[in-house]
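Whatever order the structure lists them in is the order used to number ligands and atoms, beginning at 1.
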Amino acid sequence: MLEIRGLEAGYGDVRALSGVTLSIAAGEIVALLGPNGAGKSTLLNCVAGLVTPWTGSIHWDGEDLLALDAHLVVERGVALVPEGRRLFGGMSVQDNLELGAFAPRTWAARRAGLERVYALFPVLAERRRATVQALSGGQQQMVAVGRALMASPRLLMLDEPSLGLAPRLVAAILEVLVAINRAGVAVFLVEQNVPAALSLAHRGYVLEGGRIVGEGTGAALMADAHVRRAYLGPLAVRRP
Ligand SMILES: Nc1ncnc2c1ncn2[C@@H]1O[C@H](COP(=O)(O)OP(=O)(O)OP(=O)(O)O)[C@@H](O)[C@H]1O
Ligand SMILES: [Mg+2]
């Protein structure tokens with residue numbers, strides 16, 4: 001469904017991605033692991049049409065995504081929950097959610113879209129008239145996920161959705177991703193909490209210094225010596 005081949009990207013003279021090749025099939029949850037500065041956000045932003053790669057290709061159901069502007073990528077069913085949420089703090093929860101439905105197809109169905117989001121995140125229904133800046137960090141992250149869902153995506157990409165959240169909220173957000181996936185949406189997840197990400201992902205990729213240095217099923221990556229040393233800490237390495 002999503003096919004990325006030989007992707008190279010960067011900023012000015014700074015290279016951020018080197019020869020990245022990966023794919024995501026319909027209905028999959030795929031985790032993207034990597035240290036700070038590895039190029040994870042750059043990769044997601046390339047797919048979303050927010051960063052233009054130097055070379056390489058990105059195809060979605062056979063269509064060349066690099067030929068499309070960002071808003072058309074969303075219309076095709078690929079939505080991003082960006083790093084840092086990027087919400088409009090002074091606007092209400094509901095107005096922020098509705099912004100996610102800007103495409104004509106989803107705008108016409110925005111009532112149904114809101115009901116779906118409010119069913120997933122009941123607390124947002126209660127606070128639909130509150131300004132986003134009045135919400136907790138966890139609730140704001142729910143708005144960011146909800147806004148992406150308002151685009152009725154078939155692929156939902158999330159850039160560190162649990163960053164800065166308390167462990168209880170991390171679990172809640174990740175559980176919602178499983179529910180979203182069960183409803184038929186593929187998920188591409190950048191997540192600092194590697195054990196949590198790999199426990200729910202079908203597959204994962206490891207990105208370091210802009211290159212894919214590992215890939216496998218969630219279970220295989222969890223057992224991989226390099227992954228354990230680099231991402232799961234010294235205690236994980238010593239466990240049998
Ligand atoms: N707007 C920008 N201008 C210049 N360089 C950038 C820009 N954004 C990212 N970079 C550089 O590109 C490289 C990859 O950054 P990127 O943000 O994609 O990594 P990341 O894996 O998402 O990191 P993090 O875990 O910190 O979010 C880094 O060297 C970073 O400094
Ligand atoms: Mg990032």
message: Test your reading of the model: is there a side-chain donor-acceptor pair from Arg147 to the backbone of Arg85, 3.5 Å cut-off?
response: yes
Mark whether atom 4 (C) of ligand 1 lies under 4.0 angstrom from at least one protein heavy atom.
yes
- Electrostatic pair Arg111:Glu98 at N-O distance under 4.0 angstrom: yes
shortest atom 12 (O) of ligand 1-to-protein heavy-atom contact is with Tyr11 CE1, 3.5 Å
Within-cutoff protein neighbour (heavy atom, under 4.0 Å) for atom 8 (N) of ligand 1: yes
For Glu160, the atoms of ligand 1 under 4.0 Å from one of its heavy atoms are 25 (O), 27 (O)
Q.
Are any of the N/O atoms on Ala16, whether in the backbone or the side chain, positioned under 3.5 angstrom from an N/O atom of ligand 1?
A. no
Open item on the list: I'd like to know if the Mg ion (ligand 2) has an N/O/S atom from Glu83 within less than 2.8 Å of it, counting both backbone and side-chain atoms.
Closed with: yes
shortest atom 17 (O) of ligand 1-to-protein heavy-atom contact is with Ser41 CB, 3.8 Å
Under 4.0 Å from one or more heavy atoms of Ala38, ligand 1 contributes atoms 19 (O), 20 (P), 21 (O)
A student checking ligand 1 against Thr42 at a 4.0 Å heavy-atom cut-off should list atoms 14 (C), 15 (O), 16 (P), 18 (O)
Original post:
Do Ser162 and Asn193 have side-chain N/O donor and acceptor atoms under 3.5 Å apart?
Top reply: no
**Asked** So, are Asp61 and Arg76 salt-bridged, with charged N and O less than 4.0 Å apart?
**Response** no
| message | Check Glu75 with Arg105, please: is the shortest side-chain N to carboxylate O separation under 4.0 Å? | response | no
Query raised in the report: Does atom CZ of Phe88 have more than 12 heavy-atom neighbours from other groups under 6.0 Å away?
Result: no
### Message
I'd like to know if the side chain of Tyr231 pairs up with that of Arg229 as donor and acceptor (distance under 3.5 Å, no hydrogens or angles considered).
### Response
no
- Query: Can you get from Leu65 to Leu32 by hopping between Ile, Leu, Val, Met, Phe, Trp and Tyr side chains that sit under 4.5 Å apart?
  - Reply: yes
Atoms of ligand 1 under 4.0 Å from any heavy atom of Pro35, numbered from 1 in the order shown, are 21 (O)
min-distance protein heavy atom vs atom 19 (O) of ligand 1 -> Gly39 N, 3.1 Å
When distances are taken from atom 23 (O) of ligand 1, the protein heavy atom at minimum range is Gly37 N, 2.8 Å
Electrostatic pair Glu3:Arg5 at N-O distance under 4.0 angstrom: yes
Query raised in the report: Is there an N/O/S atom in Ser41 that lies less than 2.8 Å from the Mg ion (ligand 2)?
Result: yes
Of Lys40, Arg15, Glu83, the one whose closest heavy atom lies nearest atom 27 (O) of ligand 1 is Glu83
